[in-house]
2 protein chains.
Amino acid sequence: MNPKIAQAQDWQALLAGQPELRLLTTDELDAARITELPREAQLFHRGETPRKIHCLLSGEIHLVRYSRRGAAMVLARSRDGFIAEASLDAPRYHCDALVVVDAVVLSLPLAAYRGALDRNTDFRRARFAAQAREIRRLRAQGERLALPTAEERLTHYIETEGSDGSIELDRPLKALAVELNLTHEALYRTLARMAQAGRIERTAKVLRLR
Amino acid sequence: MNPKIAQAQDWQALLAGQPELRLLTTDELDAARITELPREAQLFHRGETPRKIHCLLSGEIHLVRYSRRGAAMVLARSRDGFIAEASLDAPRYHCDALVVVDAVVLSLPLAAYRGALDRNTDFRRARFAAQAREIRRLRAQGERLALPTAEERLTHYIETEGSDGSIELDRPLKALAVELNLTHEALYRTLARMAQAGRIERTAKVLRLR
DNA sequence: CGTACTTTTGAATCGCATCAAATCTGGTGG
DNA sequence: CCACCAGATTTGATGCGATTCAAAAGTACG
């Protein structure tokens with residue numbers, strides 16, 4: 001492990017949680033830096049030119065864009081792994097990266113990242129596969145947003161994002177409503193109706209389709 | 001150029017239209033085959049295991065999934081280039097590939113494609129960048145589908161997919177309506193209202209924001 | 001000149017957003 | 001331990017925009 005990073009005893013466990021980083025050589029990790037970012041901080045801003053690639057070790061960061069009327073739109077939620085990797089070959093970021101839960105971020109200069117892609121087969125395959133997964137996830141999300149009713153969107157969400165017909169509720173339902181592009185009222189009502197009709201089972205922390 | 005492919009005189013022009021294929025070596029192209037597919041044919045079916053990667057040379061192919069009620073959902077429209085590249089590392093296709101306009105397809109065994117990714121730096125960079133573009137496009141599409149009204153979705157579409165505040169209408173408005181996840185009636189009415197109010201300019205083949 | 005498809009308009013209906021307000025919950029400080 | 005507070009959850013009433021169903025007019029193409 002890179003000595004500069006190894007100094008940070010507290011972060012060892014976090015680094016261990018990112019298997020892809022272990023694919024990088026000591027040389028490649030040499031230029032990496034670790035930063036702590038408090039809630040509300042911004043990792044980067046729209047319009048800036050990407051100079052580093054960031055890997056989220058802990059916390060939560062959202063990619064956000066604002067409509068002309070000021071409404072925030074969440075393009076992506078990240079709880080770990082590389083952030084805005086798809087923007088790196090664009091001349092500018094097209095969204096803000098907003099820290100939603102206090103975060104620890106490892107940042108790597110673009111040159112090191114690109115070098116690793118070219119020379120490190122395992123790393124390259126891992127990143128390539130990760131991009132493919134993201135594309136499939138985004139397609140599923142688009143498919144979901146195209147569904148006309150709240151119930152269909154919720155069902156689709158549980159089927160595609162959950163496992164075995166159920167999802168864990170590790171955050172408030174309001175957050176889920178945002179992801180389904182519903183108001184929280186609409187989601188609450190839909191849940192009530194579905195539970196009433198026996199189409200869904202609801203416990204404190206789990207939603208299960210029946 | 002690969003002699004087996006070169007035999008197909010008619011397809012030379014089509015191959016020239018795919019700059020990425022020229023990045024492949026003769027060896028890599030050796031295993032490629034070209035197929036013609038009529039409208040309504042399927043290039044692959046949901047549930048099949050991917051064994052080849054397909055590059056669309058001409059025509060149009062849609063990736064389609066069907067809801068339980070049988071409603072078709074178009075996950076992606078392709079008019080040229082690699083198809084369902086993101087599904088290759090999945091054990092099965094999760095959608096059907098439906099030929100919408102008579103198509104010519106070049107198919108390459110997965111092993112040849114993966115070998116090219118590993119050994120051919122230019123090809124790999126090109127594919128990596130293409131995936132990143134696709135991710136950005138899908139994010140923009142998700143953002144668009146989350147907009148509440150027909151007018152906002154249309155405006156967003158013209159702003160992000162068009163150039164300089166206008167788009168060319170090279171296909172019927174009904175097709176555009178599907179992409180905006182609207183009924184064609186809703187789109188027609190929205191266009192009429194916006195034109196009436198002077199917020200959009202409409203000619204036979206172009207839509208322009210004002 | 002007929003046929004298939006697109007474009008257009010109308011009327012009725014449905015589902016979600018919006019606004020409002022009450023209740024519940026977890027966590028904090030006194 | 002309890003009072004309190006912020007945020008989450010829940011229910012109600014109203015309105016709007018898109019869907020749906022229907023039908024007519026326009027357009028391309030063989």
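Heavy atoms only: backbone and side chains are in, while hydrogens, waters and symmetry mates are out. Each chain gets a letter, A, B and so on, in the order the sequences are listed, and its residues count up from 1.
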Close N/O contacts between protein and nucleotides 19-22 of chain C (under 3.5 Å):
{"unit_1": "C:dC19", "atom_1": "N4", "unit_2": "A:E185", "atom_2": "OE2", "d": "3.0"}

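- Pairs engaging residues 184-193 of chain B under the side-chain hydrogen bond (donor to acceptor under 3.5 Å, both in side chains) rule: none recorded [sequence neighbours left out].
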Donor-acceptor pairs are to be reported for all side-chain atoms of residues 100-110 of chain A against protein atoms at under 3.5 Å, with residues two or more places apart or in another chain.
{"unit_1": "A:D102", "atom_1": "OD1", "unit_2": "A:R39", "atom_2": "N", "d": "2.7"}
{"unit_1": "A:S107", "atom_1": "OG", "unit_2": "A:H54", "atom_2": "ND1", "d": "2.8"}

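- A salt bridge is absent between A:R153 and A:E179; no separation between the charged side-chain nitrogens and carboxylate oxygens falls under 4.0 Å.
- Proximity of B:Y188 to the phosphate of C:dT8: no side-chain N or O atom is located under 4.0 Å from OP1 or OP2.
- Proximity of B:R202 to the phosphate of C:dT7: no side-chain N or O atom is located under 4.0 Å from OP1 or OP2.
- Salt bridge annotation for B:R22-B:D122: absent, with no cationic side-chain nitrogen under 4.0 angstrom from a carboxylate oxygen.
- In this structure, the side chain to side chain contact (heavy atoms under 4.5 Å, CB included) partners of B:Q131, at least two apart in sequence or on a different chain, are A:F128, A:Q131, A:A132, A:I135, B:E85.
- Axis angle between the ends of the helix from C:dC1-D:dG30 to C:dG30-D:dC1, five pairs each and rounded to 10 degrees, works out to 40°.
- Remark: A:A192 pairs with no residue by the side chain to side chain contact (heavy atoms under 4.5 Å, CB included) rule, at least two apart or across chains.
- Taking only side-chain nitrogens and oxygens, A:T183 comes nearer than 4.0 Å to OP1 or OP2 of C:dA17.
- By the side-chain hydrogen bond (donor to acceptor under 3.5 Å, both in side chains) test, B:R144 pairs with B:H156, B:T160, B:E161, sequence neighbours left out.
- Partner A:Y157 forms a side chain to side chain contact (heavy atoms under 4.5 Å, CB included) with one of A:L147, A:L176, A:L207 and no other, that one being A:L176.
- Proximity of residues 166-179 of chain A to DNA chain D (heavy atom under 4.0 angstrom from any strand atom) is restricted to A:P172, A:L173, A:K174.
- Atom C1' of nucleotide C:dT9 and atom CD of B:Q196 are separated by 14 Å, given to the nearest angstrom.
- For A:V178, there are no side chain to side chain contact (heavy atoms under 4.5 Å, CB included) partners at least two apart in sequence or on another chain.
- Among the protein residues, B:T149 comes within range of the sugar-phosphate backbone only, with heavy atoms under 4.0 Å from sugar or phosphate atoms but none that close to a base.
- Salt bridge present: B:E143 and A:R65 bring a charged side-chain N and a carboxylate O closer than 4.0 Å.
- Taking every nucleotide of DNA chain D with any atom under 4.0 Å from a non-hydrogen atom of chain B, the first and last of them, 5' to 3', are D:dA18 to D:dA22.
- Remark: A:A130 pairs with A:R127, A:R133 by the side chain to side chain contact (heavy atoms under 4.5 Å, CB included) rule, at least two apart or across chains.
- A salt bridge does not link B:D89 with B:R114: every distance from a Lys NZ or Arg NE/NH1/NH2 to an Asp or Glu carboxylate oxygen is 4.0 Å or more.
- Judged as a side-chain hydrogen bond (donor to acceptor under 3.5 Å, both in side chains), and not counting sequence neighbours, A:R208 has no contacts.
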